[in-house]
**Q** 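Dropping the structure in here first, questions after.
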Protein chains: 2
Amino acid sequence: MSPRKSDATRRRLLDAATADFAAHGIAGARVDRIAAAAGVNKAQLYAYFGDKLGLFGAVFRLHADAVVDSVPFTADDLPGYAVRLYDAAVARPELVRLATWAKLEGVATDNLATESSAGAAKLRAIAEAQRAGQVDASIEPRDVLALLIAMALAWSPSGLAAATTPGDAATDHDRRKRALSTAVSGAFRAGAGNPPQG
Amino acid sequence: MSPRKSDATRRRLLDAATADFAAHGIAGARVDRIAAAAGVNKAQLYAYFGDKLGLFGAVFRLHADAVVDSVPFTADDLPGYAVRLYDAAVARPELVRLATWAKLEGVATDNLATESSAGAAKLRAIAEAQRAGQVDASIEPRDVLALLIAMALAWSPSGLAAATTPGDAATDHDRRKRALSTAVSGAFRAGAGNPPQG
DNA sequence: TGCGTAAAACCAACTAGTTAGTTAGAAACG
DNA sequence: CGTTTCTAACTAACTAGTTGGTTTTACGCA
């Protein structure tokens, strides 16, 4: 089909909504504020997206797709994946915030990690890497993935212990990525087993 | 001072507010709903806590104190600490939700992990364990702590990859705790250095 | 090229309900 | 009898969502 004239309007709404939802969450976002920021009438917003939650869903899908596509999973190089995920989270902090808010506010979005088709593929790849002796087989694939993602996002906006800010020096990012790589490498090293307490 | 007569009222407000803030966040919480759930008039709530944010602050401080006190930090047994933190998060999911929401909504609460006096003590303990050769010294203490907490809370309500529900079977918790212990143990093992990519 | 028309895009103003926060006074208490 | 604790009722502002009508666009046709 020919590119619709109003696609630009739709796009501006999505951009404004992304910023507002990321900044304030679903309950905290304001429909009027989004429409004003987009320079679009509120009625248009409702015509396109139905209601506030429909708008959030559209925003969420947009970014979720962009991120799963941009970070290829490599079960035979878990540290590398973690670092790429760290970079992606730094580059697009809105997605992390969006996902965290969606989770806290209990809106149904197919879980961007496990439980999606992409997630299932990751789990299978991990299982295979375990059989190949590249990843500690004493940890179930789903737990490997959960820990891996948690580690990569440790400094993200949803991380409770620390927070990356866009203005962080490059040396901070380098230091964290080295730490992340080292820790991931050790955490899932094959043969580690369950050493301390038998 | 003598125990104030109205401490019970205050307490009921705090309890109701904890539930509501944990469930809906700051923007999503409703003052009327909290007052009704506590069986207390709204004006009382304002007399005690000033405004909505003041109430949130009181709730947050209450739980933050309770949790940092309940999980003793052991730099020479990082896996043990992680498992205890996991248990605490399972037992009191509200605190994790509260902290996550506070962070997302940008309210100033002295960071419950780093940057508090308790956090500084943890960092010092980690540094000492590194000197003693018990913890990988190639990762800075603040990064050790950030990763550690992220791992322990990987399945918590703020974890993007997976979610613990109160109804989870005990075997799930056991499995996760074994995985957590193994991963933490490997992640910070002294001498691991930066093996794969030199 | 110019015209007519139907659909799509747009907008200001409005509604009905909800929200945080206030007030003036009644009840309980020591 | 004065102080503290409590309450019902109120307000002013804000909220998501709607309405009815105007402007712009797409396109067949002469």
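Quick note on labels: first sequence line is chain A, next is B, and so on, each numbered from 1.
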**Q** Give a yes/no verdict on a cation-pi contact between Arg97(A) and Phe21(A), requiring under 6.0 Å between NZ or CZ and the six-membered ring centre and an angle within 45° of the axis.
**A**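 The answer is no; the distance or angle limit is not met.
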
**Q** In whole Å, what is the span from the CZ atom of Phe49(B) to the P atom of dA20(C)?
**A**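 Distance, rounded to whole Å: 16 Å.
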
**Q** Please examine the side chains of Phe188(B) and Ile126(B), heavy atoms only from C-beta on, and report whether any two atoms are closer than 4.5 Å.
**A** no

**Q** Between the base of dA9(C) and the side chain of Asn41(A), is there any donor-acceptor pair under 3.5 Å?
**A** no

**Q** Which parts of residues 24-38 of chain B get close to DNA chain C, meaning a heavy atom less than 4.0 angstrom away?
**A**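 Going residue by residue through residues 24-38 of chain B, the ones with a heavy atom under 4.0 Å of DNA chain C turn out to be Ala29(B), Arg30(B), Val31(B), Asp32(B).
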
**Q** Counting side-chain heavy atoms from CB outward, which of dG21(C), dT7(D), dA12(C) is closest to Gln44(B)?
**A** dT7(D)

**Q** Determine, using the 4.5 Å side-chain heavy-atom cutoff (strictly less than), whether Trp101(B) and Val96(A) are members of one ILVMFWY cluster.
**A**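 No, no single cluster joins them.
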
**Q** Treating Lys52(A) as the side-chain partner and Ala29(A) as the backbone partner, does any N or O pair qualify as donor plus acceptor under 3.5 Å?
**A**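 Checked: pair present.
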
**Q** Can you tell me whether the side chain of Lys42(A) and the base of dG17(D) have a donor-acceptor pair closer than 3.5 Å?
**A** yes

**Q** Could you tell me whether the phosphate oxygens of dC10(C), OP1 or OP2, come under 4.0 Å of any side-chain nitrogen or oxygen in Thr9(A)?
**A** yes

**Q** Salt bridge check: are Asp32(B) and Lys42(B) linked by an N-O gap of less than 4.0 Å?
**A** yes

**Q** Between Asp143(A) and Arg178(B) (salt bridge meaning N to carboxylate O under 4.0 Å), is one present in this structure?
**A** no

**Q** Using a cut-off of strictly less than 4.0 Å, decide whether Tyr48(B) has a side-chain nitrogen or oxygen near OP1 or OP2 of dT4(D).
**A**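 No, Tyr48(B) has no side-chain N/O under 4.0 Å of OP1/OP2 on dT4(D).
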
**Q** Tell me whether Gln130(A) contacts the main-chain N or O of Ile139(A) through its side chain, where contact means a donor paired with an acceptor under 3.5 Å.
**A**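 Yes, the answer is positive, given that a donor and an acceptor are paired below the 3.5 Å cut-off.
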
**Q** Take atom OH of Tyr46(B) and atom P of dA8(D), then tell me their distance rounded to the nearest Å.
**A** 17 Å

**Q** Once you round to the nearest 0.5 Å, how far does CG of Leu148(A) lie from CG of Leu153(A)?
**A** 9.5 Å

**Q** Consider the side chain of Asp51(A), meaning its heavy atoms from C-beta on, and name the nucleotide among dG17(D), dG21(C), dC11(C) that approaches it most closely.
**A**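 That would be dG17(D).
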
**Q** Taking CG from Leu45(B) and P from dT22(C), how many angstroms apart are they, rounded to a whole number?
**A**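 Computing the Leu45(B):CG to dT22(C):P distance gives 12 Å.
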
**Q** Between Thr74(B) and Arg84(B), do the side chains contain a donor N or O and an acceptor N or O under 3.5 Å apart?
**A** yes

**Q** Could you go through nucleotides 15-17 of chain C and list every protein N or O atom that sits under 3.5 Å from one of its N or O atoms, giving the distance for each pair?
**A**
none

